[in-house]
Each structure stands twice: as C-alpha cells, then as structure tokens.
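Just so we're on the same page: letters track the sequence lines, and every chain starts at 1. Just so you know, these numbers use all the heavy atoms, side chains as well, and skip hydrogens, waters and symmetry mates. Since the model is a prediction, treat every value here as computed from it, not as a measurement.
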Amino acid sequence: MEKTYKIPELLSPAGSIDKAKLAISYGADAVYLGGVKFGLRAAADNLNERQLAEICDFAHQRNSLVFVVINAFPFDEDLKDLPDFLKYLEKIGVDALIISDLGAIKIAKGSTDIPLHLSTQASCINSQSAMFWKNFGIERIVLGREASLKDALSIKKNTGLEIESFIHGSMCMAYSGNCTISNFTQGRDSNRGGCAHSCRFEYRLSDKENNIRNDFFMSSKDLSGINLISNFCNAQIDSVKIEGRMKGPLYAATVTKVYRKALDEYSRVGFLEPKVLLELEKELHTFSHRSYTEANLVKSASADSVYDEREHDSGVSQVVGTVIESNDKHIVLEMKSKVDQSQEIEILTLGTKNIKYKANTMRSLIEDIEIVSTKPNQLVSLPPNFDVKESNVVRLAQ
Amino acid sequence: MSTNKRIKVTCRAQSIKELKELEKNKNLDILVGHKRFSRKGLWEQNFFEVLKSNIVLDFDAIIKESDFAELSAFEEIIRPYRDNLKVRVQDYGVANFFFQKGYSLELVLENGHHNKEAILETINYFKTSLKKVVLSYELDKSQLAAICDNLPAEIDYEILVAGEILLFYSPRKLVSRLDFEQNDLGFYEVKADSLESAHKNFKIIENLHGTFMYHLKDLLLLDRIAILKEMGINCFRYDSDFNLSYMSKVFDYILGEDILLKEIIESYPKDHIRGYFGVNKSDVLFKKLKNSHLIKTDSYRAKVLSMDKPHYLALKVEDSRGLHLGDEVNIISPEGINKKTILKSLKNLSGEEINQAVKGTICLIPYISKMGPKSILNIL
C-alpha cells in the first residue's frame, strides 16, 4: 500500500559553529544559524563569514543543509550591506535564507538565487497569507506557532508551498513579531535581537475591585511534539524545526538525537512503539527545560499552556563537558563544571548506547595524575573508547 | 511625497451613539470593528445597521486558517456595501482575502516594515486597492522622513499621535485563567505590575482574540503634528478615551484650527511619552553587551579553551591558516589585557612537541599569566 505520510526533514538550531557541527553529527538534516548581522539572536555566538563557509563545507560533506536567518526587522540603513552578504552566502553554498521583511526579500531576489523560506517572524498562519508571500518568491513557510497541524496540511494543499513547523523548544507567548515589551521597557528591540524576556517575569495583576493575583501569566511552557510524530508525518510537514539557537550543546545534541531516532523509527516501522516513545520522552527530561505542552499543534493552546512558575534548573542532568579529542591513546574532555571523584559521567554518543565512566578514572593531561575534582575549563583525559567521538557531549549520569 | 493632501483624523466609534456624533465631522476616518474580527471592536448586532455609513471596517485581528470559513460568511453579508466601505487589516492573509474580493484597503504596517522597500513592495502588490498605509510608531523622525520621501503620493499615510502603545498580542487567554471577573462589556481588564522590574500599571485586556498588553503611558505626538505634516503624513490617529468635547479640540487642532496646544496636552487623560519619535536607539544598548575586546578580525587564529598554571594554555585552532612554531602572536583576555609572545613550544594533547597545529585541533603552548578561557589569539 502506498505511504500516505511524509518523513520530514529534521532542522536543528545552531547558535555557534560548534553547536552546528554537533547538531549535524547527532543527525540533523539541516541546521539554521545566524550571521553576525541581520538575525534575531544577537546574544548567540553568531558566525562570521569564514565560519559560515566552514559550516557549509562541513554540512554538505555530510549531506546536511545550511539555512541562514535574515529575520530581524531591518531599517533602511541595515539593508545597504545586505546584497554583498547575500552574494557571499550564495558563493559558499548556503541552501536557504529564512527571511521575513519584504524589503530584505526584494533585495534577496535581486541579488541571489538562494531559496527563500518565510520566517516565523511573519506570523503566517493561513493560506491567504501564504499565497501573499508566495507572490514574492517564498518557497517555504515557517508557520507561526499558532497554526495547528491540521491548519498546516490545509495551507500546504491550498498553496503548494513547503511547510515547516516547530516541533520542540521555547515559545513566545505573543504572535511572533507582535511583541515590543523589550523595546519600550528595556530599550532593547526584541525584533532586532534584543529580547529581554520580560514575558518570563512575575507580575502582580489587579482588577478594579482590587482582586490581586501574582503570576507568570505571560510565560509559555515549552513545546514538545514527541508524542505527535505520526501527526507531523500525516500532515505532510516538510520540515520539523527545533527551537533553541541560544541553548547549550547538551540541548542541541540531545534534542536532535531524540527526534532523529523518532523520525527514523517511524520511517522504519510506521509507528513508535510505546517503549521507544517512553525512552525518548525520558531523554527530553535530561536537560533543563520548562514543563512541556503541545501548544497549538492539535487544538488551541489552553490555560494549562502557561508556565506559571519561576524559571529554574529542573534538577536534571547537566552538561559537564565536551569531548575535544578521541583516539586510540585517550579521550580528552574539556570540562564545563565541577565533577567530584564520587560521581559518574555519561558521554552522549552518536549511537544508541551512551558510555559511562566513573569520575575517578579522570586524569590530568600533562602530569597524568588522578583528579579529585574538576574545575570549569579544565582538560582531563579518560581511557579510550572507539564509540566516543570528538564533539560528543558529556553529562552527569543519572 | 506631496504634502498638500487633505488632512484627516482617524478615530474609533464603539456604538451608534458615538458614530452619530463623530459623523458630524467630515474630516474623520471612523473605525468600526465587529467583535469577531477587530481587536478592539465591541460591535455585535448593531454592526450591520451602520454599513451604509461612510466608515472603515476594522479587521485587524490575526486570523487562523480554520477561521476563514467564518470570515467568508461574514464577507458575504457586507459585500452589498463594498463600494461604500474600506477595510482595515494587518494580517496579510486577511488583506489578501479582501483584496481578491475587490475591497478598498487600509493596511496597518505598525509591526516591522521599518524600511521603504518593504512598504513599497506592499503598496505595489495591492495596487490601487490600497487607500491608506498606517506607518510604524517605532520609526524615529529621521527614519520616517526618509521613508516618506520615497512613497507614492496617491495614497494616505497615517500614524498614531494620541493613544495606547500596544506591546504584546497573544492569541492565548491569559487573564481569565486567574479567576478574574469579566467587565460589563464582556472582556477582562486588569493592571499588571512587574515584580522584577520598575515597570508598573500595564493595561492588560483579554477578549475573544486573546490577550493584549499596553504600555503604562500613551504615545502623544500632538506637538509634532507640523513636522509629520511636512513629511507628507496626512492622517493622524486618536486612539484614546472617548470624550467628545476633548476629542473635538484635538481634532480641530490637527485639522489646523487655532487651538492652544498646551491646554490640550495638559488635559490629556493619561501619562504620555513621545516614544521613539526623537530617536530610536533600541538596538544600541544590546550591542554594548558584546565584549569589544574579543571581536574576531582577519588576524584571529585560535581561542583559549583552558589553562593549567604553570604548565600550559590549551588553544583551539579555528582558522585554516593554523598555528606554527615560531609564530609571533598577540593574546587578548576578555578584560582587554594584551600579551605578545613568540610560540617557542607547541604540543598536542598527548604532550608531544609539534611544528604546527591545524584548524580544528587543540594544542598546548606555555602558560602565560593573566590569560585564561575565552582569551583569543591573533597573529602579528
């Protein structure tokens, strides 16, 4: 019988060159990242031109794609430098631009033949809007997070455009591009990379009768679509997107690995066994995150999609280091935080099984002495293991 | 852009009584919004009684795919009055929908659209159906002037000069979940004070469309009307409390009557600001958060990953030109301390001496005081 579903591309965030390589290594079909200018994540370690070229080579050698975000709201002055930048992106083989401003789109169409994807910043959530953008040469719509998967399928059928939908990560509570709290209260333009996350603050709300409630009323839970893999596939979504260019390497590696496995498993057998799903869900709780919600994917996000508590580390495993060398002599870790001898660490491999080490097997690099406790940025060595590769993420074992 | 266009004021009527009062002034564009499709609109049953009036129908809500069937049904009802009406839209999908049905459009470009190319592309797309563009109040006066210089004179340009600054628009219902009571008009209205910053008294509204947050102060640019007119902007929006006697003074002032501005401003019902009209530096502060000492230039070769005093600095080579024994280098710490040195020793992670370290590898050089993780190495 002919398949009625589509296995989507897995698109991962890459806030830095290291995270881009990590995401590709852990199974991303494509990564999205920002250059030094024109993107919305000013605090990310955005890539300079040389790094952009490097990541294009790295990705293409591994059959992955590179999308560059041009999604800040530009002023006239910003657009002056855009044509040269776009020509450079075309020269190094960037596979698509994620873009939202009509002025930037006009310049992109006039300067290059790079395919254009409409950024979620444009809050496109209906077919008529998608048709509007199609007239300007947009080939793919990154849907606003307010669209359901049913809406997505309808928009795809009505427009013939490729559809990209968020599957995991933090969510703006507002329609994207429709929040200027940072601009007017902190002097930081949220639509130009300066979001101060005022929506995550606690507020005291009061009505005219002086009823008072303290609440994080504008803070959204994080999106997780792990239980909806079949819905994404049945809705013919072309690309599922993981949010999080600002997040750390543990997040980039773990989330990419989880959704890679989910999509591969679904492709292989046409469903996800409960045991596999449980294991994947468990993995998505191994890094710090807000409570999860399916937000608008199936039905409109309801009251329980609000994350009504203070941001905190949810007591899950934390990244403690990265593998920077692995050969037949040793594994070298760059430590990010303190690990005591009594603890156990776990290396997140590219395969199905992770590798655990007792922390008391760690040795100093030069003098080869036992380490009682590591410090951030310290280099330590471990006995070799061929399943461990450079860039693997190291976390505390649970 | 021509500056001799007819000056008009945009304002809102929420009832037949208000509409009848406002209609007496022929220089007003009166917004009438049905609850279902307008963010601020309160009209329901009476709405269809006023379609023969010379009004602007407000359809500024963002509409989901699944809501289009309802919009289509609604459009069929208003279609007989199409030639008499204009519709005001923000969502490009809603705009496209009414464009294809042959309506005259007013397009709200208040979010984004901060460059002339973006605005011109929009104008060119909707062609002669587009009667008015609402410009962003995030643009400062020099940006506005530069944009207006390049816009076609055939259509009207509007900007908010007295009214609420919308900060946040979410489709989610964020107030009703906290057990507040609806007001008599059928929506929720509360004030919000930040418990983590000095900002207090934000107005929060929850209605059919979701939740809206407004700035604690209104935007007031009445004392800048002359400059705005000079730029070619000819429509000025009043979007504050409905108080006919006060509004009449505001309208008369905007329309060029000899009214004392000071008195109007002093009696404005809310605290107010000029927003970004003077200058918009809202991306300057954030740039300053980046460490200027660590900006990577063409001389950049490697970053310091780790140090082990007094043994080594571990470097990650990040440039294809690599590092070589004997290279003369400058290492810069995040605090801005510079140390020049010659690479007299270069080792791999096994401690073996090497002549060069290629891109992507980690190498060790002798320890240099005051240099640690995040320092960068430039070639001299």
Side chain, backbone, both or neither: which part of [X] has a non-hydrogen atom closer than 4.5 Å to chain B?
X	value
A/Ser182	neither
A/Glu202	both
A/Arg50	side chain
A/Met218	both
A/Asn210	neither
A/Asp207	both
A/Glu390	side chain
A/Leu205	both

Report task. Using a cut-off of under 4.5 Å on heavy-atom pairs, state which of B/Thr122, B/Ile165, B/Asp308, B/Asn183 scores highest against chain A. Result ->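 Of B/Thr122, B/Ile165, B/Asp308, B/Asn183, B/Ile165 has the most heavy-atom pairs under 4.5 Å with chain A.
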**Report entry** Top contributor to chain A interface from B/Pro171, B/Ala192, B/Ser170 [non-hydrogen pairs under 4.5 Å]
**Finding:**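 Of B/Pro171, B/Ala192, B/Ser170, B/Pro171 has the most heavy-atom pairs under 4.5 Å with chain A.
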Could you tell me which of [options] has the largest number of non-hydrogen atom pairs under 4.5 Å with chain B?
options	value
A/Ser364, A/Ala303, A/Ser206	A/Ser206
A/Ser148, A/Ser154, A/Gly177, A/Ala152	A/Ser154
A/Asn135, A/Asp215, A/Asn158, A/Asp308	A/Asp215

Query raised in the report: Which of these passes ring pair (Phe, Tyr, Trp, His ring centres under 6.0 Å) with A/Phe184: B/Phe202, B/Tyr214, B/Tyr276, B/Phe168?
Result: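 Answer after filtering B/Phe202, B/Tyr214, B/Tyr276, B/Phe168: B/Tyr276.
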Query raised in the report: Salt-bridged, A/Glu54 to A/Lys21, with N to O below 4.0 Å?
Result: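 Answer for the salt bridge query: yes.
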